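Scroll down for the structure; my scribbles are underneath it.
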Amino acid sequence: MEIVIAQDAAAGARAVADEFEQVLRAGDGAVLGLATGSSPVAAYAELIRRHREEGLSFAGARAFLLDEYVGLPADHPQSYHRFIREQLVDHVDLDSSTVISPDGAAADPAEEAERYDAAIAAAGGVDLQILGIGVNGHIAFNEPGSSLASRTRVVALTRSTIEANARFFDRAEDVPRHALSQGLGTIREARRIVLTATGEQKAAAVAQLVEGAVSARWPATVLQLHPHVTVVVDEAAASRLELAEDYRAAR
Ligand code: F6R
């Protein structure tokens, strides 16, 4: 893993945007893996700025979202389908019809999960996947106990995730209890991964991700088995890393 301890939020956002820029400039038809939640928003804003001011183009790229709430139609204000359009897609030259998310309103969510994995494979796989991390170490909605080989599937959200996500809804009772989520095995197939985290509340999960044993207890630790992962954190999220000085020195 490459560990980037950014001096401030803007530097972290630039480091994440650099990864996207490399993939987008490498050639036509990049397949991006996009995350929602608050962690990637600053990087998305930086990408929008580069698009507007520096001519960074998303033309020809396609994208797959990590996950979607079960029971929310695509146009629901809290759906991830809508979130990614508001935070990124509507502001760059990425064709919205090529930005795919699991259909949370599908009549048969299990069938939808299988279809989704097949669609990613048919697109040739993901070139660059951006990830956040939950305070309990989840990536996408792979909660503790998820199989490290799991595929896209219907998952039940844990109480801690429901509480964490309640801030986006009027009432905690409105947070859906299930999601369609790419599996850990699916995510691992991305050719390149950048995970970003900020704030003290993520410090324990980041310490496990980088320095813990690979275990379903902390699902993000599966990324230790991937050959091309960059972890971009701020000082607060890095505060429990035992070897922070070594990571700084290595850069
Ligand atoms: C979002 C996702 C989640 C979040 C995680 C962190 O698509 O899959 O795993 O990345 O819950 O959320 P934030 O960034 O809001 O702290």
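Keep in mind that the numbers below use all heavy atoms, side chains included, and drop hydrogens, waters and symmetry copies. Indexing begins at 1, ligand by ligand and atom by atom, following the structure's order. No experiment lies behind these values; they were computed from the predicted model shown.
- Remark: ligand 1 atoms within the under-4.0 Å shell around heavy atoms of L66 are 8 (O).
- H226 contributes a side-chain N or O that, together with a main-chain N or O of A190, makes up a donor-acceptor pair within less than 3.5 Å.
- For atom 2 (C) of ligand 1, the closest non-hydrogen atom on the protein side is D67 OD2, 3.4 Å.
- Side-chain contact check for Q22 and R192: at least one donor-acceptor pair (N or O, by modelled atom type) lies under 3.5 Å.
- Counted by atom type alone, E19 and T230 present one or more donor-acceptor pairs between their side chains at under 3.5 Å.
- Here the heavy atom of the protein found nearest to atom 3 (C) of ligand 1 is A140 O, 3.7 Å.
- Among protein heavy atoms, the minimum distance from atom 14 (O) of ligand 1 is reached at S39 OG, 2.5 Å.
- What sits closest to atom 6 (C) of ligand 1 on the protein, heavy atoms only, is I133 O, 3.4 Å.
- The aromatic rings of F169 and H76 lie tilted to each other, with the angle between the two planes from 30° to 60°.
- Counted by atom type alone, E143 and T158 present one or more donor-acceptor pairs between their side chains at under 3.5 Å.
- Protein heavy atom closest to atom 16 (O) of ligand 1, with residue, atom name and distance, is K202 NZ, 2.7 Å.
- Between Y69 and F141, the two ring planes are tilted [angle within 30° to 60°].
- Within ligand 1, counting atoms from 1 as listed, the ones closer than 4.0 Å to a heavy atom of S38 are 13 (P), 14 (O), 15 (O), 16 (O).
- Nearest protein neighbour of atom 11 (O) of ligand 1, counting heavy atoms only, is H138 NE2, 2.7 Å.
- E143 does not count as a contact of ligand 1, since none of its heavy atoms falls under 4.0 Å from the ligand.
- Residue Y80 has no nitrogen or oxygen atom sitting less than 3.5 Å from a nitrogen or oxygen atom of ligand 1, judged on distance alone.
- Using a distance-only test at 3.5 Å, with no hydrogens or angles considered, a donor-acceptor pair links the side chain of K202 to the main chain of I133.
- With a heavy-atom cut-off of 4.0 Å, R167 touches ligand 1 through its side chain alone.
- The single protein non-hydrogen atom nearest to atom 10 (O) of ligand 1 is G132 CA, 3.4 Å, given as residue, atom name and distance.
- Between the side chain of Q224 and the backbone N or O of L209, at least one donor-acceptor pair lies under 3.5 Å.
- Considering backbone and side-chain N/O of T36, one or more are found under 3.5 Å from N/O of ligand 1.
- In summary, the side chains of S181 and R153 do not present any donor paired with an acceptor at a separation below 3.5 Å, with no hydrogens or angles considered.
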